[in-house]
Every structure is written in C-alpha cells, then in structure tokens.
Amino acid sequence: MKILVVGSGGREHALVWKIKQSPKVEKIYCAPGNAGIGQIANCLEIDATDIQKLLNFAKTEGIDLTVVGPEASLVAGIVDVFEENGLRIFGPTQKGAELEGSKVFTKEFLKKYKIPSADFGVFDSREKAKQYIDEKGAPIVVKADGLAAGKGVIVAQTVEEAKNAVDVIMADKAFGEAGNKVVVEECLKGEEASFLAFTDGKTVLPLPTSQDHKAVYENDEGPNTGGMGAYSPAPVVTGEIAEFVMNKVMLPTIRGMKEEGRPYKGMLYAGLMIDGDKVNVLEFNCRFGDPEAQPLLMRVKSDIIDIFEAAIDGRLDKIDMKIDPRPTVCVVMASGGYPGSYEKGNVIRGLKNASAIKGVEVFHAGTAKQDDKVVSAGGRVLGITAVGTTLQEAINKAYEGVEAISWNNCYFRRDIGAKALKRTGGGQKKAVQVGILMGSDSDLPIMRGASDFLVSMGISCEMTVASAHRSPERAFTYASTAKERGLKVIIAGAGMAAHLAGVIAAHTELPVIGVPLDASPLGGMDSLLSTVQMPPGVPVATMGIGKAGAKNAGVFALKILALSDPELAEKLVKMRKDMASEVEEKARNVQV
C-alpha cells in the first residue's frame with residue numbers, strides 16, 4: 001500500500017512511525033513533514049491545508065490510504081474532497097469536524113444531547129459578553145469560537161482578566177477569525193484528562209487513557225500551549241470513569257452526530273475535567289491529540305492500518321486492538337519563549353544519543369534540515385517519548401533522552417507525569433512475583449517468551465543467569481532465598497542435561513516450572529527427559545522444548561498466581577476467550 005500522511009508535527013511523526021510497522025505498507029509520503037519524518041518517509045512540499053494539491057498528488061501517485069493529522073485540514077473539508085474523488089481517507093467530514101472547528105456548535109450540541117459540560121453563554125458582542133461576566137463573576141473561562149492551535153482558551157481568575165480576554169480575542173483578534181464569537185463558561189475544578197477513540201460512526205473503540213499538560217510552566221502555571229507533555233495511562237481515569245465516559249459521552253456523541261446529519265468517522269477526542277466522580281466535557285477534538293498521540297501510539301501493538309481501514313469501512317466491531325500494558329511518557333522540548341515569540345534555526349545536538357537509549361523514541365515536531373543539520377523550526381520542537389515497566393521508569397527514560405539533547409534557548413517542563421506518580425503512590429514498582437532463571441545468557445532470546453508474556457499481563461518478573469554445574473552456589477542461593485525475596489513462582493530454563501530446574505526445586509518450597517532448551521544434537525530431548533524425570537517429592541512442572549515452552553511457562557505461572565488474585569483470574573478468562581476468537585477467525589478464513 002501507498003500511504004499519505006497529512007501534517008508536520010510530532011503527532012504526524014508518531015503516525016508515520018506506527019504506519020511504517022505495518023507489513024501492508026510499501027511506501028509512505030508525508031505533506032509537508034519535518035526533518036525527523038524525512039528519515040522514514042518521503043516528505044512533500046505541500047501545505048497541510050492545500051487540499052487541491054494534496055488531491056492531485058494522491059490521484060497521480062495512486063495513494064491507497066490518506067491519514068489526516070491536523071484539525072485545520074479536516075475543518076477545511078479534505079475528507080469530503082477526497083471521498084468525492086473515490087479516495088480512501090481516515091478522518092471526519094467537514095460537518096463532523098465542526099465538533100472541533102466551532103466551540104459554539106459543540107457547546108450547543110452538548111446541551112441538546114444532555115452530555116455533561118459546564119454552563120455557558122455564547123456572544124458575538126463584546127459588551128454582552130462582559131455583562132455576562134459581571135453576572136457570573138470569576139474565575140471564569142473565555143474561549144475563541146474557532147480553531148486557535150490549542151491556545152484560544154483563557155482561564156481568567158478575576159472579572160477584569162476575563163473582560164481583557166474578551167478584548168484580546170474579539171477586538172485585538174489574537175486568534176484571527178476564530179475570535180468572531182466567544183464562549184464564556186463556568187470554570188470547572190478538577191484534573192484534566194484525554195479520552196481518545198476510533199469510531200466508524202457506530203462502534204467506539206477506545207484507546208488507553210492519557211493526560212496532557214497544557215500550561216507552559218511547571219505546576220500547570222502560565223499560558224496554555226498546544227501541549228508540553230503527556231503520558232498514558234492516566235490514573236485519574238478509573239475504570240468506572242472510563243465506563244461513564246463511554247456511555248454518557250462518546251456513544252451519545254456518535255449517535256447525536258448521526259441524528260444531526262453529520263455521521264462521524266475517524267478519531268474522537270474528548271477533553272475531560274474530572275473532579276472525584278464528577279465528569280464534564282471541556283472540548284472535543286476531531287483528530288489524534290498532540291502530544292497524546294506519541295505515548296498512545298507507542299502502546300498500540302495492533303497493525304494501525306487494519307484499524308484505519310475498519311473505521312472507514314464500518315467494521316470496527318471486528319477489531320480486537322492489542323495494547324502494550326506498559327506506561328509511556330512524552331516530554332515536549334520547546335523553543336524558549338513559546339507560546340509567545342521564539343527563535344528558529346538553532347542547531348539541535350544529541351539526537352542520535354537520545355535515540356540510542358533503549359525504550360526511547362525521538363519524535364520531531366518543529367524541525368527542519370539546514371546544511372545537512374537538524375535545526376529548530378517551530379515552538380514545540382521535539383517529543384521525547386519512552387516506555388517503561390513502571391511509570392517512574394518511563395519518566396526517567398524520557399528525561400534521560402531529554403538531557404542528551406540541546407540547542408540554544410531550549411525549554412521543557414520537568415514535572416511531566418508528576419500528577420500520576422502522586423496518584424499511584426510515587427510510581428512504586430510492583431513486587432516481583434516470578435523469577436526467570438537460565439543456564440546461560442545465550443538462552444535469553446528463548447526465555448523472553450516467558451517474560452514478554454508475563455509483562456503483557458502486568459506481572460512483574462526478574463531474569464538472571466545461574467548454572468547448576470558451573471555456579472552451583474549461585475543457583476543454591478537464588479533458590480533458597482527466593483521466597484523471602486517475595487517470589488511466588490520460579491521458571492528455570494536450561495539445555496542439555498544440566499537439570500537447572502531440578503536443582504532449584506530441591507532448594508525451595510516455591511513451585512518450579514522447567515523449560516527444556518534445544519542446545520545439543522539431540523534437539524532438546526536430553527533436556528526434556530532430565531527435567532521431567534524428578535524423584536518423588538521434588539516435582540518440576542515441565543513445559544515443551546523452546547520458545548513455545550517458555551511462553552507456556554509464563555501462562556502456567558499466571559494460572560498459579562491467578563488462584564489468589566481475582567484481577568489476574570479475569571485476565572486469564574479474557575485470554576482464553578481471545579484465543580477462541582482467533583480460532584473462529586481462522587476457521588472463517590479457510591471456509592470455502
């Protein structure tokens with residue numbers, strides 16, 4: 001397939017990065033792209049809102065699928081034009097995109113369909129807006145009606161500040177034509193979070209929860225920006241709140257848009273204010289958030305092309321989206337002075353060093369190439385995004401990447417993820433429950449079959465090397481201290497007749513699972529026999545040979561732990577259902 005991605009920011013770099021992972025994709029173009037995108041896709045000198053040029057290119061080049069990043073392109077009607085010309089494109093139509101294009105439309109829509117939101121007034125007169133402010137008092141929020149790159153919202157702490165905001169938006173035209181009307185609304189208290197989902201106009205397929213950091217300075221102070229960082233998941237969005245948002249916000253919105261004659265396909269992004277168990281909608285966006293897209297797309301394990309196509313074709317209900325359970329964090333590095341005036345053209349140093357850190361991706365936003373060097377070319381320049389086994393680890397990795405990069409007068413917040421850490425008790429790492437032992441580091445690729453599965457189930461594990469014959473004391477110490485160190489299960493893998501699992505089982509009361517490895521001309525049969533043939537009273541649960549056996553060891557460990565952990569028991573039930581569904585799908589595919 002040939003794919004066209006429209007846009008030039010960190011969101012689009014993350015989209016291109018994820019799309020490139022699909023085996024279905026042959027070539028990716030991005031218009032206009034940036035210096036980072038140019039390393040993995042073909043960048044075009046076409047503006048994201050030049051719909052006619054984009055259309056001409058897509059038709060000439062035979063583009064199979066277009067994915068739209070920025071809201072401006074959607075509000076301008078790119079989806080309508082492409083569809084009229086028989087081209088496949090992911091995103092809402094111009095009428096659908098009005099959910100983001102007009103705050104007036106959205107507030108009136110929310111009110112009509114009884115979707116929870118703040119009380120408000122709509123004004124095209126400065127005098128009437130100020131009169132309303134006098135009546136309601138402060139704090140109060142003043143919003144430009146149209147698109148303002150995420151900056152057209154002013155939270156005023158006093159009546160005077162609110163009246164000045166009206167003048168800035170409507171008289172000074174700080175946000176251009178977006179300020180012809182204003183929404184003045186109640187200032188809600190609580191914590192903001194983002195809820196993003198794919199939709200085909202019928203089904204809503206939610207992504208994991210996430211949280212953006214809008215304010216430019218730490219502790220959420222200063223003017224709003226397009227976003228200074230994000231992380232996923234967002235602990236403030238509990239399971240109960242997520243269910244409420246699906247039933248009272250997302251699904252009613254899709255149904256309401258259909259009733260309004262504006263069937264909605266694409267991304268639906270609800271900005272929420274959460275105060276305890278009270279949830280209100282702050283705004284809707286009609287595309288991936290930026291920077292939320294970066295940490296979210298790092299967690300999506302499924303082929304993103306399958307999801308885009310299912311949304312276009314109205315069959316999202318057939319998609320089982322796989323999500324990496326590990327948390328992700330994005331720290332935005334910006335030009336000093338942003339969201340006000342800032343310099344461009346500063347050479348960025350350290351990009352290779354940051355990219356070399358395991359678990360870190362450097363997504364470019366406002367960057368360009370100049371004399372074979374990457375330079376700053378925007379307010380938000382880079383999004384350093386990391387994955388970790390815990391939130392704290394993801395934060396640490398992201399900031400390790402940030403510290404490796406520099407340019408003149410760069411700026412970033414140092415508290416991205418702090419609110420989540422506070423909610424989760426400082427991001428403490430889960431107690432290690434499973435120990436994975438192997439006779440040699442050459443066994444690591446096989447034994448990762450066990451660790452990868454356990455991590456996907458949210459089970460913390462440790463891995464190390466000990467030889468039953470070459471380092472018997474180390475093996476004895478590991479086994480005899482395992483219980484006091486908090487382990488509940490041990491998985492031991494070894495090749496030949498080393499019998500590591502048996503030695504471990506002889507020195508611990510914990511259940512031991514043996515994984516025979518193929519390390520001799522006998523194809524692993526020697527290891528299998530030595531592992532299974534234990535004397536009475538010293539059992540080892542023996543798996544099959546190799547990586548499949550290692551994964552089954554992880555599954556068997558899950559079953560043992562699930563006996564005393566209801567949450568793991570639920571995951572086990574879901575896993576069995578997923579396997580049955582996969583078999584059903586395969587059966588349908590081979591039916592004649």
Side-chain angles (χ1 to χ4, degrees), residues 49 71-72 74-77 94-190 192 214-217 220-227 253 256-257 260 262 270-273 275 278 280-286 338-341 379:
T49 55
E71 61 274 19
L74 295 165
V75 171
Q94 188 172 38
K95 284 186 175 181
E98 198 163 358
L99 271 177
E100 181 168 5
S102 170
K103 293 181 178 66
V104 172
F105 169 80
T106 298
K107 291 298 292 188
E108 292 173 345
F109 175 88
L110 291 168
K111 184 177 180 180
K112 178 177 180 179
Y113 290 96
K114 297 181 172 57
I115 297 169
S117 185
D119 290 337
F120 70 101
V122 174
F123 306 95
D124 56 12
S125 159
R126 283 189 292 153
E127 289 69 27
K128 289 182 179 179
K130 292 178 181 180
Q131 183 180 343
Y132 182 82
I133 291 168
D134 280 328
E135 293 171 5
K136 295 296 182 180
I140 199 164
V141 181
V142 183
K143 297 180 177 181
D145 172 40
L147 295 179
K151 306 180 194 72
V153 178
I154 300 172
V155 181
Q157 298 301 321
T158 67
V159 167
E160 192 61 32
E161 282 181 23
K163 290 180 177 180
N164 287 339
V166 170
D167 288 336
V168 166
I169 294 172
M170 299 188 76
D172 300 344
K173 295 293 183 184
F175 307 109
E177 297 304 305
N180 289 343
K181 290 183 180 180
V182 293
V183 173
V184 183
E185 68 178 28
E186 169 192 9
C187 184
L188 297 171
K189 296 179 181 179
E192 290 189 42
K214 284 290 187 188
V216 68
Y217 302 128
D220 292 332
E221 296 178 355
N224 273 353
T225 68
T253 297
M257 291 295 281
E260 295 291 310
R262 303 167 181 260
L272 308 173
M273 180 65 81
D275 185 12
K278 187 178 181 183
N280 281 288
V281 175
L282 293 173
E283 64 178 358
F284 280 121
N285 293 327
C286 57
Y338 173 79
S341 59

Which atom pair, heavy atoms only, marks the closest approach of R262 to K95?
NH1-O, 2.9 Å
Looking only at heavy atoms, the pair that brings G379 and Y338 closest together is CA-CD1, 3.5 Å
Before giving the answer on side-chain contact (heavy atoms from CB on, under 4.5 Å), spell out for V183 and F123 the whole-Å C-alpha distance, their side-chain angles and the decisive distance to 0.1 Å.
CA-CA 7 Å; V183 173; F123 306 95; over 6 Å; no
Walk me through whether F175 and I169 qualify under side-chain contact (heavy atoms from CB on, under 4.5 Å).
CA-CA 6 Å; F175 307 109; I169 294 172; 3.9 Å; yes
OG (S102) and NZ (K181) are apart, to the nearest 0.5 Å, by 7.0 Å
Rounded at 0.5 Å granularity, tell me how far CE in M257 sits from CZ in F284.
9.0 Å
Working to the nearest 0.5 Å, report the span between CD of E160 and CD1 of I133.
10.0 Å
For A138 and A156, the nearest pair of non-hydrogen atoms, with its separation, is CB-O, 4.3 Å
Give the minimum heavy-atom separation between P339 and N224, together with the two atoms involved.
CG-O, 3.7 Å
Under 3.5 Å, is there a donor-acceptor pair between the side chain of D145 and the main chain of A178?
no
Please assess L99 against T253 for the test side-chain contact (heavy atoms from CB on, under 4.5 Å), listing each intermediate value before the final yes or no.
CA-CA 10 Å; L99 271 177; T253 297; 4.0 Å; yes
Any side-chain heavy atom of V159 within less than 4.5 Å of one from D134?
yes
Ion pair check, E283 and K103, cut-off under 4.0 Å:
no
Pair N180-E177, side-chain donor/acceptor within less than 3.5 Å:
yes
If you apply the rule side chain to side chain donor-acceptor pair (under 3.5 Å), what do you find for S117 with K107, and how did you get there?
CA-CA 8 Å; S117 185; K107 291 298 292 188; 2.7 Å; yes
For the NZ atom on K189, are there more than 12 heavy atoms of other groups (residues, nucleotides or ligands in this structure) within a distance under 6.0 Å?
no
Could you walk me through whether V141 and I154 satisfy the side-chain contact (heavy atoms from CB on, under 4.5 Å) test, starting with their C-alpha distance in whole Å, then the side-chain angles of each, then the deciding distance to 0.1 Å, before giving a yes or no?
CA-CA 6 Å; V141 181; I154 300 172; over 6 Å; no
Please check if the number of heavy atoms outside K128 that lie under 6.0 Å from its NZ is greater than 12.
no
Quick one about Y132 and E127 (side-chain donor to acceptor, distance below 3.5 Å, no hydrogens or angles considered), yes or no?
no
Taking the side chain as C-beta and beyond, is there a heavy-atom pair between E260 and F109 under 4.5 Å?
yes
Just by distance, do the side chain of E161 and the backbone of Q157 share a donor-acceptor pair under 3.5 Å?
yes
Between E192 and K214, does any NZ, NE, NH1 or NH2 come within less than 4.0 Å of an OD or OE carboxylate oxygen?
no
Which heavy-atom pair separates E98 from T106 by the least distance, and what is that distance?
O-OG1, 3.9 Å
For residues L272 and N280, determine if any side-chain heavy atom of one lies less than 4.5 Å from a side-chain heavy atom of the other.
no
Would you call K136 and D119 a salt bridge, using N to O less than 4.0 angstrom?
no
Separation of E100 CD from E71 CD (nearest 0.5 Å):
4.5 Å
Exercise: identify the closest heavy-atom pair between A129 and V184:
CB-CG2, 4.4 Å
Are I140 and E185 packed together at the side-chain level, in the sense that at least one heavy-atom pair is separated by less than 4.5 angstrom?
no
May I ask you to decide whether K130 forms a salt bridge with D167, counting only side-chain N to carboxylate O separations under 4.0 Å?
yes
